[in-house]
Amino acid sequence: MTTLTKSRLEQKIREANEAGRKALIPYLPAGYPDKERFWRELSALDKSGADIIEIGVPFSDPVADGPVVERASLQCLEAGITLDWILAELKKRKGGFKAGIVLMGYYNPFYKYGLDRLAADAAEAGVTGFIVPDLPMEESEDMTKALAARGLDLIPLVGLNTNEERMKLYADNARGYVYFVSVLGTTGERTSLPEEIAGRLAVAKRVFDVPLALGFGISRPEQLTTFGDTIDAVVFGSSLIKHLDQGGDSAGFMARWK
Ligand SMILES: O=P(O)(O)OC[C@@H](O)[C@@H](O)c1c[nH]c2ccccc12
(Lines give C-alpha, C1' and ligand atoms only; values in the text may rest on other atoms or scores of the structure.)
Protein backbone atom coordinates (compact mmCIF):
# COMPACT_ATOMS: atom_id res chain seq x y z
CA MET A 1 0.00 0.00 0.00
CA THR A 2 1.27 3.48 -0.72
CA THR A 3 1.66 5.64 2.31
CA LEU A 4 1.16 9.22 1.25
CA THR A 5 1.77 10.95 4.54
CA LYS A 6 2.98 9.88 7.92
CA SER A 7 0.02 8.99 10.06
CA ARG A 8 -1.16 11.87 12.21
CA LEU A 9 -2.29 9.38 14.85
CA GLU A 10 1.13 7.81 15.06
CA GLN A 11 2.68 11.27 15.28
CA LYS A 12 0.39 12.19 18.17
CA ILE A 13 1.45 9.14 20.15
CA ARG A 14 5.15 9.60 19.40
CA GLU A 15 4.99 13.23 20.53
CA ALA A 16 3.54 12.19 23.87
CA ASN A 17 6.19 9.49 24.25
CA GLU A 18 8.95 11.96 23.44
CA ALA A 19 7.57 14.17 26.20
CA GLY A 20 8.10 11.21 28.54
CA ARG A 21 4.52 10.02 28.92
CA LYS A 22 2.04 7.57 27.48
CA ALA A 23 -0.43 8.98 24.99
CA LEU A 24 -3.95 9.24 26.42
CA ILE A 25 -6.93 8.08 24.37
CA PRO A 26 -10.29 8.69 26.05
CA TYR A 27 -13.42 7.15 24.50
CA LEU A 28 -16.90 8.69 24.62
CA PRO A 29 -19.99 7.65 22.70
CA ALA A 30 -21.08 10.48 20.38
CA GLY A 31 -23.82 12.53 22.00
CA TYR A 32 -23.08 11.38 25.56
CA PRO A 33 -24.29 12.41 28.09
CA ASP A 34 -26.39 14.67 25.85
CA LYS A 35 -25.92 16.39 22.51
CA GLU A 36 -24.70 19.74 23.82
CA ARG A 37 -22.65 18.54 26.69
CA PHE A 38 -20.86 15.99 24.53
CA TRP A 39 -19.06 18.74 22.62
CA ARG A 40 -18.16 20.54 25.83
CA GLU A 41 -16.67 17.34 27.24
CA LEU A 42 -14.81 16.71 24.00
CA SER A 43 -13.21 20.17 24.20
CA ALA A 44 -12.41 19.58 27.86
CA LEU A 45 -10.74 16.26 27.01
CA ASP A 46 -8.81 17.98 24.25
CA LYS A 47 -7.63 20.77 26.53
CA SER A 48 -6.77 18.52 29.44
CA GLY A 49 -4.30 16.23 27.74
CA ALA A 50 -6.06 13.84 25.36
CA ASP A 51 -3.75 12.99 22.47
CA ILE A 52 -6.40 11.12 20.50
CA ILE A 53 -10.14 11.07 21.18
CA GLU A 54 -12.13 7.99 20.26
CA ILE A 55 -15.74 8.84 19.44
CA GLY A 56 -18.25 5.99 19.52
CA VAL A 57 -20.83 5.73 16.73
CA PRO A 58 -23.97 4.33 18.39
CA PHE A 59 -25.19 1.01 17.02
CA SER A 60 -28.05 -1.32 17.91
CA ASP A 61 -25.97 -4.49 18.20
CA PRO A 62 -22.67 -3.55 19.84
CA VAL A 63 -21.15 -7.00 20.35
CA ALA A 64 -17.84 -5.91 21.89
CA ASP A 65 -19.31 -3.34 24.28
CA GLY A 66 -19.57 -4.13 27.98
CA PRO A 67 -22.51 -2.93 30.12
CA VAL A 68 -21.36 0.66 30.76
CA VAL A 69 -20.49 1.47 27.15
CA GLU A 70 -23.52 -0.40 25.85
CA ARG A 71 -25.95 1.48 28.06
CA ALA A 72 -24.36 4.84 27.19
CA SER A 73 -24.42 4.17 23.46
CA LEU A 74 -27.98 2.89 23.50
CA GLN A 75 -28.99 6.11 25.24
CA CYS A 76 -27.34 8.01 22.36
CA LEU A 77 -29.03 5.83 19.78
CA GLU A 78 -32.39 6.57 21.38
CA ALA A 79 -31.55 10.29 21.38
CA GLY A 80 -31.25 10.02 17.60
CA ILE A 81 -27.46 10.26 17.21
CA THR A 82 -26.46 9.15 13.72
CA LEU A 83 -23.27 8.96 11.71
CA ASP A 84 -24.53 11.89 9.59
CA TRP A 85 -25.00 14.01 12.70
CA ILE A 86 -21.55 13.14 14.02
CA LEU A 87 -19.81 14.01 10.75
CA ALA A 88 -21.79 17.22 10.25
CA GLU A 89 -21.10 18.42 13.79
CA LEU A 90 -17.42 17.52 13.55
CA LYS A 91 -17.15 19.40 10.29
CA LYS A 92 -18.40 22.57 11.97
CA ARG A 93 -15.61 22.19 14.52
CA LYS A 94 -12.85 21.14 12.16
CA GLY A 95 -9.48 22.39 13.33
CA GLY A 96 -10.89 23.03 16.80
CA PHE A 97 -9.20 20.03 18.41
CA LYS A 98 -5.51 19.41 19.00
CA ALA A 99 -6.17 15.71 19.51
CA GLY A 100 -6.49 13.23 16.67
CA ILE A 101 -10.10 12.09 16.17
CA VAL A 102 -10.94 8.41 15.68
CA LEU A 103 -14.43 7.04 15.03
CA MET A 104 -15.12 3.69 16.74
CA GLY A 105 -18.11 1.90 15.35
CA TYR A 106 -19.57 -1.28 13.93
CA TYR A 107 -19.35 -1.98 10.24
CA ASN A 108 -22.98 -1.79 9.20
CA PRO A 109 -23.52 1.99 9.52
CA PHE A 110 -20.19 2.66 7.77
CA TYR A 111 -20.98 0.25 4.97
CA LYS A 112 -24.45 1.69 4.48
CA TYR A 113 -23.03 5.22 4.33
CA GLY A 114 -20.77 4.13 1.46
CA LEU A 115 -17.07 3.62 2.10
CA ASP A 116 -15.74 6.20 -0.37
CA ARG A 117 -18.25 8.80 0.72
CA LEU A 118 -17.45 7.97 4.34
CA ALA A 119 -13.73 8.45 3.80
CA ALA A 120 -14.28 11.75 1.97
CA ASP A 121 -16.72 13.15 4.55
CA ALA A 122 -14.64 11.94 7.49
CA ALA A 123 -11.51 13.60 6.12
CA GLU A 124 -13.54 16.79 5.56
CA ALA A 125 -14.69 16.60 9.17
CA GLY A 126 -11.17 16.27 10.55
CA VAL A 127 -11.39 12.56 11.44
CA THR A 128 -8.04 10.77 11.25
CA GLY A 129 -8.89 7.12 11.78
CA PHE A 130 -11.45 4.38 12.36
CA ILE A 131 -11.82 1.39 14.66
CA VAL A 132 -14.28 -1.26 13.47
CA PRO A 133 -14.37 -4.15 15.95
CA ASP A 134 -16.65 -6.41 13.90
CA LEU A 135 -14.70 -6.12 10.64
CA PRO A 136 -12.27 -9.04 10.37
CA MET A 137 -8.92 -8.36 8.72
CA GLU A 138 -9.84 -10.75 5.87
CA GLU A 139 -12.76 -8.51 4.94
CA SER A 140 -11.19 -5.14 5.58
CA GLU A 141 -9.50 -4.49 2.24
CA ASP A 142 -12.24 -2.27 0.77
CA MET A 143 -12.43 -0.10 3.84
CA THR A 144 -8.66 0.09 4.26
CA LYS A 145 -8.31 1.24 0.64
CA ALA A 146 -11.14 3.77 0.80
CA LEU A 147 -9.68 5.27 3.98
CA ALA A 148 -6.07 5.22 2.78
CA ALA A 149 -7.07 7.21 -0.31
CA ARG A 150 -7.91 10.06 2.09
CA GLY A 151 -4.97 9.54 4.43
CA LEU A 152 -7.10 7.89 7.13
CA ASP A 153 -6.08 4.88 9.20
CA LEU A 154 -7.99 1.71 10.02
CA ILE A 155 -6.72 0.77 13.47
CA PRO A 156 -6.25 -2.98 13.92
CA LEU A 157 -7.46 -4.63 17.12
CA VAL A 158 -5.30 -7.43 18.45
CA GLY A 159 -5.70 -9.39 21.66
CA LEU A 160 -4.52 -12.15 23.93
CA ASN A 161 -5.61 -14.75 21.41
CA THR A 162 -3.88 -13.17 18.40
CA ASN A 163 -0.87 -15.32 17.59
CA GLU A 164 2.40 -14.03 16.21
CA GLU A 165 1.70 -15.17 12.63
CA ARG A 166 -1.51 -13.24 12.59
CA MET A 167 0.10 -10.19 14.15
CA LYS A 168 2.60 -10.25 11.28
CA LEU A 169 -0.26 -10.17 8.77
CA TYR A 170 -1.71 -7.15 10.54
CA ALA A 171 1.72 -5.54 10.68
CA ASP A 172 1.97 -5.46 6.87
CA ASN A 173 -0.77 -2.83 6.69
CA ALA A 174 -0.80 -1.35 10.19
CA ARG A 175 -0.95 2.42 10.26
CA GLY A 176 -1.62 4.85 13.09
CA TYR A 177 -1.42 2.51 16.05
CA VAL A 178 -2.43 -0.97 17.11
CA TYR A 179 -5.21 -1.33 19.66
CA PHE A 180 -4.23 -4.15 22.01
CA VAL A 181 -7.28 -5.52 23.83
CA SER A 182 -6.25 -6.46 27.37
CA VAL A 183 -8.91 -9.07 28.11
CA LEU A 184 -10.90 -11.77 26.37
CA GLY A 185 -14.38 -10.30 26.57
CA THR A 186 -16.17 -7.00 26.35
CA THR A 187 -15.21 -3.46 27.42
CA GLY A 188 -15.49 -2.44 31.05
CA GLU A 189 -13.50 -1.86 34.19
CA ARG A 190 -11.66 -4.81 35.75
CA THR A 191 -10.16 -5.16 39.20
CA SER A 192 -7.19 -7.00 37.73
CA LEU A 193 -5.83 -7.63 34.26
CA PRO A 194 -4.83 -11.11 32.99
CA GLU A 195 -1.24 -12.07 33.77
CA GLU A 196 -0.40 -13.16 30.26
CA ILE A 197 -0.79 -9.60 28.93
CA ALA A 198 2.86 -8.68 29.53
CA GLY A 199 4.11 -11.61 27.45
CA ARG A 200 1.68 -10.99 24.59
CA LEU A 201 2.49 -7.28 24.59
CA ALA A 202 6.18 -8.09 24.31
CA VAL A 203 5.45 -10.16 21.19
CA ALA A 204 3.32 -7.36 19.72
CA LYS A 205 6.05 -4.82 20.46
CA ARG A 206 8.50 -6.91 18.48
CA VAL A 207 6.17 -7.44 15.53
CA PHE A 208 4.74 -3.93 15.05
CA ASP A 209 6.56 -0.75 14.08
CA VAL A 210 3.55 1.42 14.89
CA PRO A 211 2.78 2.34 18.52
CA LEU A 212 0.77 0.03 20.80
CA ALA A 213 -2.26 1.29 22.69
CA LEU A 214 -3.67 -0.82 25.52
CA GLY A 215 -7.39 -0.72 26.25
CA PHE A 216 -10.30 -2.55 27.95
CA GLY A 217 -10.60 -2.44 31.71
CA ILE A 218 -8.21 0.44 32.37
CA SER A 219 -9.20 3.12 34.84
CA ARG A 220 -6.02 4.19 36.66
CA PRO A 221 -2.34 4.71 35.80
CA GLU A 222 -1.27 2.24 38.54
CA GLN A 223 -2.62 -0.60 36.38
CA LEU A 224 0.06 0.10 33.79
CA THR A 225 3.21 0.13 35.90
CA THR A 226 4.10 -3.49 35.15
CA PHE A 227 4.07 -2.92 31.38
CA GLY A 228 6.79 -0.25 31.30
CA ASP A 229 7.68 0.91 27.82
CA THR A 230 5.93 -1.90 25.96
CA ILE A 231 2.83 0.25 25.69
CA ASP A 232 2.85 3.68 24.11
CA ALA A 233 -0.75 4.73 24.70
CA VAL A 234 -3.71 3.88 26.87
CA VAL A 235 -7.44 3.85 26.04
CA PHE A 236 -10.19 4.33 28.64
CA GLY A 237 -13.94 4.42 28.09
CA SER A 238 -16.07 2.83 30.80
CA SER A 239 -14.18 4.54 33.63
CA LEU A 240 -14.65 7.96 31.99
CA ILE A 241 -18.36 7.33 31.38
CA LYS A 242 -18.82 6.29 35.01
CA HIS A 243 -16.95 9.35 36.18
CA LEU A 244 -19.34 11.58 34.19
CA ASP A 245 -22.36 9.61 35.44
CA GLN A 246 -21.24 10.26 39.01
CA GLY A 247 -21.24 14.01 38.43
CA GLY A 248 -17.56 14.43 37.50
CA ASP A 249 -16.21 16.20 34.45
CA SER A 250 -13.66 15.23 31.83
CA ALA A 251 -10.96 17.57 33.07
CA GLY A 252 -11.21 16.01 36.53
CA PHE A 253 -10.92 12.55 35.06
CA MET A 254 -7.89 13.45 32.95
CA ALA A 255 -6.14 14.90 36.00
CA ARG A 256 -5.68 11.30 37.27
CA TRP A 257 -3.33 10.68 34.40
CA LYS A 258 -1.03 13.63 34.91
O1 LIG B 1 -14.47 0.76 28.32
P2 LIG B 1 -13.08 0.31 28.48
O3 LIG B 1 -12.97 -0.99 29.19
O4 LIG B 1 -12.21 1.41 29.05
O5 LIG B 1 -12.51 0.00 27.00
C6 LIG B 1 -12.32 1.02 26.00
C7 LIG B 1 -13.49 1.22 25.16
O8 LIG B 1 -14.65 1.53 25.85
C9 LIG B 1 -13.52 1.74 23.75
O10 LIG B 1 -12.28 1.73 23.14
C11 LIG B 1 -14.51 0.86 23.04
C12 LIG B 1 -15.85 0.93 23.20
N13 LIG B 1 -16.46 -0.06 22.50
C14 LIG B 1 -15.50 -0.79 21.89
C15 LIG B 1 -15.60 -1.92 21.08
C16 LIG B 1 -14.45 -2.50 20.62
C17 LIG B 1 -13.21 -1.94 20.90
C18 LIG B 1 -13.09 -0.80 21.70
C19 LIG B 1 -14.25 -0.23 22.21
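By convention here, the first residue in the shown sequence is residue 1. Order of appearance sets the numbers: ligands from 1, and atoms from 1 within every ligand.
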Short list, please: which atoms of ligand 1 are under 4.0 Å from a heavy atom of [X]?
| X | answer |
| --- | --- |
| Gly237 | 1 (O), 2 (P), 4 (O), 6 (C), 8 (O) |
| Phe236 | 4 (O) |
| Gly188 | 1 (O), 2 (P), 3 (O) |
| Val235 | 10 (O) |
| Met104 | 12 (C), 13 (N), 14 (C), 15 (C) |
| Gly217 | 2 (P), 3 (O) |
| Ala64 | 15 (C), 16 (C) |

Q. Which part of Val69 is near ligand 1, with near meaning a heavy atom under 4.0 Å away: side chain, backbone, both or neither?
A. side chain

Q. Side chain or backbone of Ser238 under 4.0 Å from ligand 1, or both, or neither, by non-hydrogen atoms?
A. both

Q: Over all heavy atoms of both residues, which pair between Asp134 and Pro136 is shortest? Give the atoms and the distance, please.
A: O-CD, 3.3 Å

How far is [atom] from its nearest protein heavy atom, and which residue and atom is that?
| atom | value |
| --- | --- |
| atom 6 (C) of ligand 1 | Tyr179 OH, 3.3 Å |
| atom 19 (C) of ligand 1 | Thr187 CG2, 3.8 Å |
| atom 9 (C) of ligand 1 | Glu54 OE2, 3.2 Å |
| atom 13 (N) of ligand 1 | Asp65 OD1, 2.8 Å |

Check [Y] with [X], please: is the shortest side-chain N to carboxylate O separation under 4.0 Å?
| X | Y | value |
| --- | --- | --- |
| Asp121 | Arg150 | no |
| Glu36 | Arg40 | no |
| Lys94 | Glu124 | no |

Answer whether the closest heavy-atom distance between the side chains of [X] and [Y] falls below 4.5 Å.
| X | Y | value |
| --- | --- | --- |
| Val132 | Leu154 | yes |
| Leu147 | Arg175 | no |
| Thr162 | Val181 | no |

Q: Counting heavy atoms only, name the option from Tyr106, Phe59, Phe216 that's nearest to atom 5 (O) of ligand 1.
A: Phe216

Q: Would you tell me which option among Pro133, Ser239, Ser182 has the nearest heavy-atom contact to atom 16 (C) of ligand 1?
A: Pro133

Q: Can you run down the side chain to side chain donor-acceptor pair (under 3.5 Å) pairs that involve residues 98-110, sequence neighbours left out, and say none if there aren't any?
A: Asp65-Tyr106

Q. After noting the C-alpha distance and the side-chain angles of Phe253 and Phe236, does the key distance pass the ring-ring contact (aromatic ring centres under 6.0 Å, His included) rule?
A. CA-CA 10 Å; Phe253 183 85; Phe236 30 75; 5.3 Å; yes

Q.
Assess the residue pair Phe130 and Phe110 against the criterion (ring-ring contact (aromatic ring centres under 6.0 Å, His included)); give the C-alpha distance rounded to whole Å, side-chain angles, the decisive distance to 0.1 Å, and a yes or no.
A. CA-CA 10 Å; Phe130 281 81; Phe110 296 144; 5.1 Å; yes

